[in-house]
Amino acid sequence: MSTTAPTPRENWSVPEKPGLDGLEARWDAAWEEQGTYRFDRTADRDGVYSIDTPPPTVSGSLHVGHVFSYTHTDTIARYQRMRGKSVFYPMGWDDNGLPTERRVQNYYLVQCDPALPYDPDFVTPTPVSERSKDEQKAMPAHISRRNFIDLCNTLTAEDEKAFENLFRTLGLSVDWERTYATIDDRSRRVAQRAFLRNLQRGEAYQAEAPVLWDVDFQSAVAQAELEDRERDGAYHRLAFHGPDGDVFIETTRPELLPACVALVAHPDDERYQPLFGTTVRTPLFGVEVEVHPHPLADPEKGSGIAMICTFGDLTDVIWWRELQLPTRAIVTANGRLGTPDADAMTPEGLALYEAELAGKKIAGAQQRIVELLRESGELVGDPERITHPVKFYEKGDRPLEIITSRQWYLRNGGRDADLRAALLERGHELHWHPPHMRVRYENWVNGLNGDWLVSRQRFFGVSFPIWYPLDAEGLPVHDSPILADEASLPVDPATDVPPGYTEDQRDQPGGFTGDPDVMDTWATSSLTPQIATGWGEDPDLFERTFPMDLRPQAHEIIRTWLFSTAVRAHLEHDSLPWTNTAISGWVLDPDRKKMSKSKGNVVTPLDHLEQFGADAVRYWAASGRPGTDTAFDEGQLKVGRRLAIKLLNASRFALGLGGGDGAARATDLSLVTEPLDRAMLAELARLVDEATTAFDGYDYARALERTEAFFWDFCDQYLELVKGRAYGGRGDEAAWSAQAALQLSLSTLLRLFAPFLPFVTEEVWSWWQEGSVHTAPWPDASQLRDAAADGDPQAFEAAAEVLGAVRRAKTEAKRSLKWPVDSVVVTESTHRAAALQGVADDVREAANAASLTVEVGAEPGVAVALAPEPDPA
RNA sequence: GGGCGAUUGGCUCAGAUGGUUAGAGCGCUGCCUUCACACGGCAGAGGUCACAGGUUCGAGUCCUGUAUCGCCCACCA
């Protein structure tokens, strides 16, 4: 059973001079007022299409990349809506975490000091950018944690407004009544509830262990947040002293010599086999360290024997753990050398260390220890300069250190083969668009080297809903944490009191203390499906929307966001969080570099929206293939704008016929009798099939490209061919056929374009149709085929070819296109000649020809005889 | 080191399961102020489909290798 085309109104109103200006504001307001994109929660799960919209980091800048990928998702949302789904399309704001903290610090020039008490009279500072030059150079003001969080909330509220404005102008069909923020109460409640359940099922645990540590942020960071950066370094050749002579190792971290706990070489390395089990003395400090064999030691690297320090890199951690070595940590949380374990050094070594190295920053310590080693003769030769990859926190400025601390972990398969296999299987269950992106997920899962470290030593984030009892000495008993009741969530353990205690017991011996940490931002973001669908908050909504249909996101955060979300849903619901994921590419600048703020090549989208209009910007974005990086091209904006204008004008023509009296011919498809009209509709039916297939496969770009190609052909060929007849040149019935075909095709084309050009299509729709084009049904090919009946696409093709030949003849003769033609003689094959015969009158009229004859022949061709120049006399 | 993707006219890109003279748009050139559109229309020039082999009657399209670019991953002392 085919759906019929929407019925036009009785009275049409086609503007004299249609334009694009102001459409965004007008229709955004109308859609808001009419609730066009409101989620209909009476729909059951099968009738719903739910989208796990990426919450943009609101502390970041508005970026053309946002426009790009959010438009892709919006085209899918609009398509699904027109297919009759109730689209659940919320918007989240990611305002939680370090980027916000850092922005607040810089914006207001403040620093959070958790030791300070809350100041209830605190006044929001003037933004730095509005201060005088002198004031800008002032030191940051120290403020309490709660005041700091207030500032974070103030600033993110402003940022969120800017984002919403951008997205509204862009025409995202988001349900703006369904927004959330990753720091709001609901998100915090969900994050804390999920964590408590992880803890109760044994999926979350705490451990005292070496962790990667950013010395500037003074926080642990997770594997997923690392990046390698090439840095200059140098191999320093150091002499260790053994009973049978010196042993030489090479190191890029000589300042960690005081933290050296052993040497290590490959078990098969004959050069060092005699040393295994013996001890050697470290340079400068004279500490006895044992020489161990271990297969991870690479005989090819350096001198083939390495010093193990606690801790220079992740390999050190493995060796330390597997060889059960002692700990001699010297790097402190703030990136300076601290006090070593006195037992681990000779008295002379300790004295040297304290006099020369203790308290120095790492770089200074390295410089000084190299001087000392040179003086003692234990540095052999000159350091050999190299560049090598060094691990950084992706948002950090200094290399990561490894220090030992107590942290919360969440199991993610990094230490558990079964869980890892289950998560790989989830990756197979998920439908990836494009499919090859799954490999990145698998690479990541297979490369995990530990569980997910979820605690951060920061302030603006979701707290752990945990307290610890304090023993008689006032020390926390970490092994018996006090958990919050689910009903009390969200809690802030710094201000809320755990069950069974009173506030006056806080931080008192025998009392309690709150867990001071906050969760990793991904610990909240990994729950966006649960947050958006009301898990544990609104069971009815959850039932109708979870697991969600689509997760759109960028490829560089497959390892973080996509993976962590899959982990949480697997643990909590034993399911995928969504059935599809659409991975968008990046926007590149014309030099094919990824656009980024630091490179200063970011194009701001607001200017382009203003200059070219939202539909044009969306056109450019939707031309980017799924998962493909796309160069920013202002030329495409012009093309998009031209398309939108063309749509206005072609519509004005199609609807303005017959005196613009609003004769709704499209309701009576039996009116379509002319072969040309039927041929065009037959091709249009094919287009609908193609666009539908493309959209079902999440290939919005293909749907757009095909629709656009058809439309230009429609304008350039069909409209010209049909014009005379549509005006009534050959009688009412012939005109009605054209008018009905025009109305049907326009209705179809507007709906095919609606996901891409929501403003101009809605504008035209409003001239002659009831309701919104965005809630109209997606075009139905079978209805078009009914109207096309015996329509032969070849008739349209042949007509266009002949018209082209006539135009060429006129152009070559430098005549205007309306120049009269005496005769056109077409020679064609039998079938094409027959097809052409049926549309000959349309072609003759469009060519302004006195006669047109079609002959059957072996040599196809078109002979055009132009009318002669009129006699000037 | 492992993997993924890309390489088509000056530029930005299409070319699904291999099949007639490789397509658009921008830019360029020329013409046309035509009653939907000068925020326009019509037409034209312009391509050894990165390179080298191979499969096939036939390859931009499949296979192998090479090069360049981008990205992801990896326990680089």
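Letters A, B, ... are given to chains in the order of the sequence lines, protein chains preceding strands, and every chain is numbered from 1.
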For RNA chain B, the dot-bracket pattern of Watson-Crick and G-U pairs whose distances stay under 3.5 Å, | for other-strand partners: (((((((..((((.....[...)))).(((((.......))))).....(((((..]....))))))))))))....

Exceeds 12 heavy-atom contacts within 6.0 angstrom, atom NE2 of A/His431: no

Sugar-phosphate only, base, or nothing, as touched by A/Arg641 at under 4.0 Å among non-hydrogen atoms: base

Sugar-phosphate only, base, or nothing, as touched by A/Asn446 at under 4.0 Å among non-hydrogen atoms: nothing

Side-chain (A/Glu720) to main-chain (A/Ala846) donor-acceptor, under 3.5 angstrom: no

Pair of N/O donor and acceptor under 3.5 Å linking B/C37 base with A/Lys646 side chain: yes

Candidates A/Leu453, A/Val221, A/Ile402 - the one meeting side-chain contact (heavy atoms from CB on, under 4.5 Å) with A/Val211: A/Leu453

Sugar-phosphate only, base, or nothing, as touched by A/Trp712 at under 4.0 Å among non-hydrogen atoms: sugar-phosphate

Sugar-phosphate only, base, or nothing, as touched by A/Gln223 at under 4.0 Å among non-hydrogen atoms: sugar-phosphate

Base-contact (B) and sugar-phosphate-only (S) positions in nucleotides 17-24 of chain B, heavy-atom cut-off under 4.0 Å, - elsewhere: --------

Name of the residue among A/Trp620, A/Trp586, A/Phe632 meeting ring-ring contact (aromatic ring centres under 6.0 Å, His included) with A/Phe68: A/Trp620

salt_bridge(A/Arg706, A/Glu708) N-O dist < 4.0 Å: no

Atom P, compared across B/C35 and B/G30: separation rounded to whole Å: 24 Å

B/C4 OP1/OP2 closer than 4.0 Å to side-chain N/O of A/Asn443: no

Sequence-distant partners of A/Lys391, side chain to side chain donor-acceptor pair (under 3.5 Å), two or more places apart: A/Asp228

A/Leu643 side chain reached by A/Phe711 side chain, heavy atoms, under 4.5 Å: yes

